[in-house]
Structures are given as structure tokens and as C-alpha cells.
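Side chains included, hydrogens not; waters and symmetry mates left out as well; all remaining heavy atoms used. Indexing begins at 1, ligand by ligand and atom by atom, following the structure's order.
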Amino acid sequence: MDKQRTLDEVGEFGLIDILTKNFNTTKSTIKGIGDDCAVLEYSADEYQLVTTDFLLEGIHFDLVYTPLKHIGYKAVVAGISDIYAMNGTPKQIMVSIAVSAKFSVNALEQLYDGIRTACQNYKIELIGGDTSASMTGLAINITAMGTVGKDKITYRSGAKVTDLICVSGDLGGAYAGLQVLQREKAVYNQNKDSQPKLAGYEYVLQRILKPEARFDIVDKLKENNIVPTSMIDITDGLSSELFHICFDSGVGCKIYEERVPINEETGTVCAEFNLEPIIPALHGGEDYELLFTVPLSAYEAIKKIKDVAVIGNVVEKEKGLGMISRSGDFIHIKAQGWNTSEKR
Ligand code: ADP
Ligand code: MG
């Protein structure tokens, strides 16, 4: 008989594989488990997209330095980012909360202020949810729904050898912002009269506290008639998402360190913390940017889209996942932000 495996041994994705291996789907489910969203039959020319995400106090957010309004906003952004990652358009969300007695009505109204602001900014509707008591703080679950044209849908699995690998925005900023917040929290814990020093860190703080989902990139791709061959949103860090795309597409990749987009302020903050900026870009996560691949023939069109960087290209599976460093060395990409499963 199997010895009792621990959660640590199997990792997050190993656990999902183990728990879900004996479930099947039928015809109206186009794609079940395994991508950013489930894909369901919807109309003659569109699919329905559905995705769900948890945010837990103490795991995903720290109330010491995160206003509830921001938590509400970010919860919605995290949910709909997965819809954009399928090249789709979010339409509705359902929000479930579990709340401990320490929260006042006013505090929860602030949470919903953030949720409402996000609904307005992204033109989506709150259509339901659930409310429960909790023993240990705040838990938020967001289910997001949307649609995508059948000719536009983009899975993680379609990357082809020679495709260009593209990233929106810049990476590592959210991790850098988190370092600043955690440092200031530690200072505050030492001296409750101290004021946090946050001036000069505006960009990285915005990246961790008020991230945005990249609907503009999905729009620009559409305008330029580009349907990516694969796409995923960057929640666990570039390396982890490259692993997902490469594994699901049966390919390898070669990226160039010097092309990975990193904001100047992120670089400055990393220097303060003695960190090579490429490390949080590869392994930091929570940037909510899009990683996607396009055919080589789309190069001229993709170059014209502001805020998209071509960071490398797709190679044969046998070549593995690699990064050419600034000094020209080949570095095997390892996914630190990623919980390796036995299957992968
Ligand atoms: P993302 O980071 O894009 O939100 P996840 O890594 O959370 O995606 O999940 C990967 C896939 O596994 C998704 O298709 C998701 O629906 C599925 N999944 C995650 N947890 C469970 C679970 N407990 N039961 C069934 N499916 C799950
Ligand atoms: Mg995702």
C-alpha cells in the first residue's frame, strides 16, 4: 500500500492531479481542469469561461499593510486575469466571503468598495455569492465568468517551435513592493510610534497593492488580428508560467535575460535588498501580466503594440527551458514559485 504522502511531498499541482484524476467531463465541457479557466459550450460562435480563486488572510494578504478596499479590488483582478489569459472578456463575478467576528460592517463595506470599483473599471457585474462565519479571519472566493470567440480562444497548450515568447508590462515589481511592505511592518513591530517610509516606492507598492488585469493587451491583440498560440497570466512568476506553457504545449523555450522587462524602480528596490532584479521577475509572482506566444509571422504586428516585449522563442522540447544570461551563459530555468508535481 502507498505510504501516507504529505502535502509537501506532492506539491500544489501534484495534489490537484491526485484529487481530480478520476473525474471525467462530457461534450458540453470543452476543457475542464488544467488551464486558466474551464471552457464550456455557450453559443454558436462563443465559449463560456469560468474560473475561481481563493484569497485568505495570512496566506494571500496581510491586513497590517493592506487596506480592505485594495483586497477587494485585487481579488477581482486576480479572478478576471484568468479570463483575459484565455483571450476572453469577463462579464460577471460571484463573491463568497467568510468573516470572523473581528470585522465591523464598515470594514466589510470597504472590501466591497474595492470590489465595486473593480467591477466599474472592468465593466463586470456582481451577480451573487455566499456569506459565512469564519473561525480564523477573512476568506474571499471569487468566481469569474466571461466569454471568448471560438476563433479567439487561447489555451496554454498551443505554443509551437519558433513562436515568439511575449510578456506584457514589466515583472518583479509586486515582489519588490512586498519586500518594502514587509520591511516597514518589521520596523513598526519594533517601534509602534514609527511611521512607515513609503515615499519613493510608489510604483512597486501599486504593483503589489493595486495590480491591474491586462484587458488592454487582449484588446490590442484583437485590433491587430493576432491570436496568440498560447497564453497564461503571470501569477506565480515567469519561470513557473513558462513551465506550464512548455509542459502543456510539449515544447522548450529560450529567453534572454536582457529582454525581460523590469521597471527602473523595481531595479532600485532590488538593489536595496541585495537582489538581482531577474530573480523576482522569474520567481516573484503576483504581477498579473500576460505571457503569450505568437507565430514568427506576427513579429512586425507585435512590435507595434506598446507595453509588449518579445523575450525569446519557443524551441524543441529536447532543448529544455533556458535563459541566456547577460553574460551569454545558458541557464536552465527552474520554477521556484512552482510546486512541482510527480507528473511534471
Ligand atoms: P490559476 O493559477 O490560473 O488560477 P490554478 O493553478 O489555481 O490556476 O489551477 C490549475 C487548474 O487546476 C485549473 O484548471 C483549476 O480549475 C484546477 N484546480 C485547482 N484546484 C482544484 C481543485 N481543488 N479541484 C479541482 N480542480 C482544481
Ligand atoms: Mg492563471
Side chain, backbone, both or neither: which part of D82 has a heavy atom under 4.0 Å from ligand 1? side chain

Please report which non-hydrogen protein atom sits nearest to atom 8 (O) of ligand 1, along with the residue it belongs to and the distance in Å to one decimal place. R156 NH2, 4.0 Å

Using the ring of each side chain (for Trp, its six-membered ring), is Y84 parallel, tilted or perpendicular to F215, with breaks at 30° and 60°? tilted

Geometric cation-pi criterion, K210 with Y73: 6.0 Å, 45°: yes

Between E41 and K27, is there a salt bridge with N-O shorter than 4.0 Å? no

Does the N or O separation between G34 and ligand 1 drop below 3.5 Å for any pair? yes

Tell me which protein heavy atom sits closest to atom 19 (C) of ligand 1, plus the residue, atom name and distance to 0.1 Å. I16 CD1, 3.3 Å

What angle, to the nearest 10°, do the atoms OD1 (D36) and OD1 (D233) form about the Mg ion (ligand 2)? 100°

For atom 13 (C) of ligand 1, grab the closest protein heavy atom and report residue, atom and distance to one decimal in Å. D35 O, 3.3 Å

With heavy-atom distances below 4.5 Å as the criterion, would you say the side chains of D35 and D82 are in contact? no

Any heavy atom of D53 under 4.0 Å from ligand 1? The part involved is side chain

Determine, using heavy atoms of F13 and all atoms of ligand 1, whether some pair is separated by less than 4.0 Å. yes

Whether L19 lies under 4.0 Å from ligand 1, heavy atom: no

Is the closest basic N to carboxylate O distance between E46 and K152 below 4.0 Å? no

Using heavy atoms and a threshold below 4.0 Å, how should the contact between K31 and ligand 1 be classified: side chain, backbone, both, or neither? neither

Does some side-chain heavy atom of T147 sit less than 4.5 Å from a side-chain heavy atom of Y47? no

